[in-house]
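Below is one structure, written out as structure tokens; comments come after it.
Everything numeric here is computed off the predicted structure, so don't read it as measured data. For the numbers below, each heavy atom of this structure counts, side chains included, while hydrogens, waters and symmetry mates do not. Letters A, B, ... mirror the listed sequences (proteins, then strands); counts begin at 1.
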Amino acid sequence: MIQDAPRSDTTRFDKPYSHRDVEERWYRHWLDRGYFAADGQSTNPKRFSIVIPPPNITGSLHLGHALNNTLQDILVRWKRMQEYNTLWLPGTDHAGIATQNVVERQLKSEGSHREALGREKFIQRIWRWREESGRTIITQLKRLGASCDWNRERFTLDEGLSVAVREVFVRLHQEGLIYRGERLINWCPRCETALSDIEVEHEEIKGTMYYIKYPLADDPDQFLTVATTRPETMLGDTAVAVHPEDPRYNKLIGKKVLLPLTSRTIPVVGDPILVDREFGTGAVKITPGHDFNDEKAGQRHRLGTISLFDHRGRMDPPALSEREAKVLPQLTEQLGYKPVQEARKLIVQWLEQKGCLIKVEDHRHTIGKCYRCKTVVEPYRSPQWFVKVNDPKNSLAAPAIDAVRDGRIRLIPESWKNNYFGWLENIQDWCISRQIWWGHQIPAWYCKRCDENVFKITGTITVIGINAKPIVQIDAPQKCERCGSTDLIQDPDVLDTWFSSALWPFSTLGWPKKTRELEIFYPTSALVTSFDILFFWVARMIMMGLHFMKDVPFRDVYIHALVRDAEGQKMSKSKGNVIDPLAIMEKYGTDALRFTLASMASPGRDIKLSEERIEGYRNFANKIWNAARFLLMNCPSNAKTYLGNPLPDPATLSLADRWILSRLQRVVASVNHQLDDYRFDGASRELYQFLWHEFCDWYLELIKPTLYGTDAAAAKRTRTVAIHVFETVLRLLHPFMPFITEELYQMITPVEGSITVAPFPMENTAWMNEAVEQECESFQRVVEGIREMRGVHGIPFSKKLSVVVRVANPVVEHYLENNRPMITALAGLSALEIGPHVRQPVNAFTGPIIFPGGHAGEVFIPLPDAIYRAKEITKKEKRLKELTAQLALEEKKLSNPDFAAKAPPEILENTKLRRQELRLEHETLSAALQRLREMSGGTA
RNA sequence: GGGCGGAUAGCUCAGCAGGCAGAGCAUCCCGCUUACACCGGGAAGGUCAGGCGUUCAAAUCGCCUUCCGCCUACCA
């Protein structure tokens with residue numbers, strides 16, 4: 001049910017802004033009114049769409065999410081206000097391994113495990129968890145103000161998305177781009193599943209290099225020494241390689257060596273690819289079952305493969321036995337089911353005992369770890385499903401490269417292109433099967449009768465041999481097409497979560513159905529994401545989008561940085577330096593957090609976030625709030641009466657009014673341009689500067705005399721302008737600070753509705769006025785000159801001054817004369833004399849003022865105190881020195897004939913003008929300094 | 001080993017289609033001027049990492065060096 005718009009209680013318009021009740025109140029209102037809903041039937045040609053990078057259901061909001069979604073929300077709110085048909089499609093990702101890990105931990109704490117439950121019950125259990133806890137992050141995104149179309153929220157395991165996944169799988173399989181293969185893959189022994197190459201994190205560690213003696217079979221007194229960091233895998237060696245051109249060893253090629261601790265002999269082979277003569281001993285053991293390079297070498301030399309470990313990374317007794325590795329029986333007994341680390345210790349002990357360990361050295365090298373659980377991964381030979389990414393006849397990668405190369409997709413910042421190309425050009429086939437239960441089960445079935453002999457069942461693990469013939473189709477087949485048996489079994493593996501995320505831009509819009517949404521919103525307009533998933537996600541979406549939609553999934557990819565702590569450290573739970581965005585929002589307000597993130601989102605640079613920074617923008621929110629208070633307090637008949645009407649004729653407006661309207665246009669133009677360029681930082685800086693330092697610091701001060709004055713009509717005109725400008729800025733600021741802007745908008749606008757759907761300001765050059773800005777700047781310089789004098793000498797504002805301003809140029813004189821009341825009020829004057837030939841007061845200090853256009857002026861301030869005088873002399877001498885240096889620089893430029901000849905005329909003019917200004921200031925200042933020295937009678 | 005990014009005020013960062021070095025925070029001084037002390041006014045603070053070049057002109061463009069990040073690679 002739609003409720004009335006919440007009312008802001010203006011009687012409780014407290015001095016400091018309090019975000020607490022405001023945020024929740026307005027967010028609920030926006031949802032109630034359905035402002036975030038995209039129009040799925042619209043014919044509006046202006047459309048803007050973004051799909052959210054789906055957060056994990058296991059996640060809770062961290063600053064990376066906060067940044068990512070703030071930026072998306074800024075774009076989306078901006079476009080929505082520009083009357084685009086705007087869709088921001090939200091959702092979550094089932095995060096196969098991570099989610100399964102969470103629930104497995106729960107089971108463990110209950111003394112159970114997934115095998116005890118069985119697949120079906122276990123999955124039910126995860127769904128239950130998902131209903132209870134898996135929506136946390138969605139709630140938190142709402143808290144951040146995300147204006148997603150929540151009615152279209154998707155989940156990668158939704159029925160619709162699952163259909164898309166099966167459709168893609170089957171079609172790629174038909175095209176030969178998905179296949180089963182048995183080879184080494186990265187295996188996490190803790191998660192007990194395969195991982196793709198990029199799910200392995202590489203880390204350099206201080207390890208150990210072991211040098212092991214391999215005696216010749218013919219002549220056990222001679223031996224080869226091999227170096228290895230993984231002695232435990234030596235039991236699976238099937239050869240030793242040397243470089244064919246290495247004179248030390250090449251005569252041994254073709255001979256055999258006795259593999260220590262076993263009863264096997266293995267050949268010595270020559271391999272120029274594997275062996276680097278310079279490294280280690282120049283002799284390398286080949287273990288095709290446990291090393292990717294050795295696997296390739298093994299293929300080159302047609303060597304056998306021995307897999308020593310089981311699926312949990314433990315020594316597998318059958319593999320060690322007489323059948324395969326032929327390990328000494330006593331050692332076999334000791335090694336059975338020992339994990340890698342323990343096995344290594346045993347092997348080293350045994351080698352030492354047998355006199356085969358020559359030496360041990362420290363050695364830095366990299367190891368791979370599971371990106372989910374940080375366990376050391378094992379290369380593990382097993383049958384898996386792969387996507388063939390770079391098939392020369394039907395490549396997925398090549399079109400993805402082209403799309404970026406020819407600009408159909410823009411990466412912002414562009415510097416990511418090289419990374420992107422580099423990765424796609426060297427891409428390997430993508431292992432997509434995972435040996436877990438939570439996810440999209442692979443749509444492949446096997447006939448138990450035909451494939452009976454290829455099933456290998458170890459405990460609860462069913463491994464389907466590589467020779468099995470899968471029936472791949474979208475829905476379960478009724479019977480085996482070969483033998484007619486109905487005894488079928490579905491492939492137990494599930495797909496990599498990223499496989500389903502790769503389809504996200506179109507699966508969420510209804511694909512494979514041909515929906516109106518796809519027509520309207522695909523390709524999406526922009527993708528906002530962090531660089532760390534450029535390969536995981538972005539590249540794969542581009543490949544899948546191009547392959548299945550025949551069009552790019554998005555036009556622009558805005559790649560933002562990581563959020564770090566104030567010291568530049570990556571935030572992590574273990575370091576304890578995590579800033580919780582929810583705590584920040586609670587303390588400083590969501591708007592402050594959002595504005596901070598936006599203002600720090602400079603392309604290509606990580607964000608070092610500190611609380612002081614956020615506090616600063618909380619203060620900004622307060623400043624806005626108090627500007628509103630001021631305006632409302634000075635609008636006796638309520639602000640709303642001023643907004644319905646058009647602006648008064650410029651001719652009737654005060655200088656201040658025309659000035660702020662002119663400045664406003666500059667900001668409007670700039671914010672739009674900056675957002676066009678994804679310069680969130682530039683746009684927020686612009687807004688901050690204008691609102692605080694121009695609107696509040698100058699304009700509101702300038703209009704006070706009018707508001708408090710006796711000319712009611714003038715006051716009314718000024719109120720109209722002030723409210724107009726303020727309301728415009730609120731709309732400009734809304735995408736950045738949605739809550740406070742809505743709260744204030746509702747207070748001042750007579751229109752029923754919401755700022756979320758109010759028009760975004762567009763540049764209106766009619767209000768830009770150079771002359772007005774010059775006039776305003778002229779008297780501002782006088783005010784600043786006097787304020788500086790006050791500041792330097794510590795003269796309080798309460799002490800009124802009598803000031804004389806000498807100005808030769810009649811136009812400038814006119815400007816100042818026009819604004820006499822402003823100068824008097826803002827500089828705190830008791831008297832003000834302006835003119836070309838004004839009398840110079842006795843005992844007055846003076847300061848040069850250079851007006852716009854290079855006109856000279858001077859202010860005289862009576863300060864008959866010797867202490868002031870000494871200070872003044874020091875200060876002026878310093879300034880004079882600066883001026884002399886700068887002037888010399890400009891003179892040098894201008895005296896260079898090449899400069900006049902080659903510099904563009906505009907620069908030449910500017911330089912001349914600058915020289916003129918410097919000369920004038922120098923002249924005035926020198927004279928003033930001279931007078932000061934005379935006044936002080938040589939004592940200073 | 002390759003690749004990318006960064007080095008500008010005490011701190012965090014803009015500025016880099018060459019043309020006067022900027023902001024915010026922090027510091028110091030003054031100020032209860034009736035929107036705001038989550039404030040106002042002012043000041044101080046810089047070898048633009050270093051070097052060489054291109055140019056009338058370089059923080060900005062090119063090359064080299066140093067130091068910090070990150071990505072990537074099979075050196076056993």
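Among the nucleotides rC56(B), rC4(B), rG42(B), the one closest to the side chain of N418(A) is rC4(B). In the set rA76(B), rC20(B), rC74(B), rC74(B) carries the atom at the smallest distance from any side-chain atom of N293(A). Minimum atom distance to the side chain of H365(A) is reached by rA76(B), of the listed rA76(B), rC71(B), rU12(B). Of the candidates rA35(B), rC56(B), rG5(B), the closest approach to any side-chain atom of F899(A) belongs to rC56(B). Taking only side-chain atoms of A627(A), from C-beta outward, the nucleotide of rC71(B), rA35(B), rG41(B) with the closest atom is rA35(B). Distances were taken from every side-chain heavy atom of P16(A) (C-beta onward) to each of rC39(B), rC38(B), rU33(B); the shortest belongs to rC38(B).
Counting non-hydrogen atoms under 4.0 angstrom, N634(A) reaches nothing in the nucleic acid. The residue R685(A) sits close only to the backbone: its heavy atoms come under 4.0 Å of sugar-phosphate atoms, none of a base. Backbone-only engagement by K878(A) is indicated by non-hydrogen atom pairs under 4.0 Å involving sugar-phosphate atoms exclusively. When heavy atoms are screened at a 4.0 angstrom cut-off, D276(A) is found touching base atoms of the nucleic acid. Counting any heavy atom pair closer than 4.0 Å across all strands shown, Y688(A) reaches sugar-phosphate atoms only and no base atom. Within 4.0 Å (heavy atoms only), H290(A) reaches no atom of the nucleic acid at all. The residue K15(A) sits close only to the backbone: its heavy atoms come under 4.0 Å of sugar-phosphate atoms, none of a base. Counting any heavy atom pair closer than 4.0 Å across all strands shown, D291(A) reaches no nucleic acid atom. In this structure, E701(A) reaches the bases: a heavy-atom distance under 4.0 Å links it to at least one base atom across the strands shown. At the heavy-atom level, P897(A) lies nowhere under 4.0 Å from the strands shown. When heavy atoms are screened at a 4.0 angstrom cut-off, V792(A) is found touching the sugar-phosphate backbone but no base atom. Among the heavy atoms of the strands lying under 4.0 Å from V275(A) is at least one base atom, whether or not backbone atoms are also near. Among the protein residues, K296(A) comes within range of no part of the nucleic acid, since none of its heavy atoms lies under 4.0 Å from any strand.
Across all strands shown, rC52(B) forms a Watson-Crick or G-U wobble pair with rG62(B), both key distances being under 3.5 Å. Partner assigned to rG40(B) is rC30(B), using Watson-Crick or G-U wobble distances below 3.5 angstrom. The base-pairing partner of rU47(B), taking Watson-Crick or G-U wobble contacts with both distances under 3.5 Å, does not exist among the strands shown. Nucleotide rA23(B) forms a Watson-Crick or G-U wobble pair with rU12(B), both donor-acceptor distances falling under 3.5 Å. Pair check for rG69(B) finds rC4(B); Watson-Crick or G-U wobble, both atom distances under 3.5 Å.
Side chains of K285(A) and T233(A): a donor-acceptor N/O pair is present below 3.5 angstrom, by distance only. Side chain to side chain, D237(A) and T287(A) meet the donor-acceptor criterion of an N or O pair below 3.5 Å. Side chains of E232(A) and H290(A): a donor-acceptor N/O pair is absent below 3.5 angstrom, by distance only.
For rC13(B), neither phosphate oxygen OP1 nor OP2 lies less than 4.0 angstrom from any side-chain nitrogen or oxygen of S602(A). Using a 4.0 Å cut-off, some side-chain N or O of R605(A) falls inside it from OP1 or OP2 of rA7(B).
Taking the six-membered ring where tryptophan is involved, the planes of W416(A) and F531(A) are essentially parallel, since the angle between them stays under 30° and well short of 60°.
Ion pairing between a basic and an acidic side chain is recognised when a charged N comes within 4.0 Å of a carboxylate O; R879(A) and E882(A) show such pairing.
rA26(B) and rG45(B) are spaced 12 Å apart, taking the C1' atom of each and rounding to whole Å. Spacing of P atoms, rG42(B) relative to rC70(B), comes out at 43 Å, to the nearest Å. When the C1' atom is compared between rG22(B) and rA44(B), the two are found 16 Å apart, to the nearest whole Å.
Taking atom CD1 of I614(A) as the reference point, atom P of rC11(B) lies 20 Å away to the nearest angstrom.
Within 6.0 Å of CD in E278(A) there are 12 or fewer heavy atoms belonging to other residues, nucleotides or ligands.
Within the 4.5 Å cutoff, no side-chain heavy atoms of I607(A) are placed close to those of H560(A).
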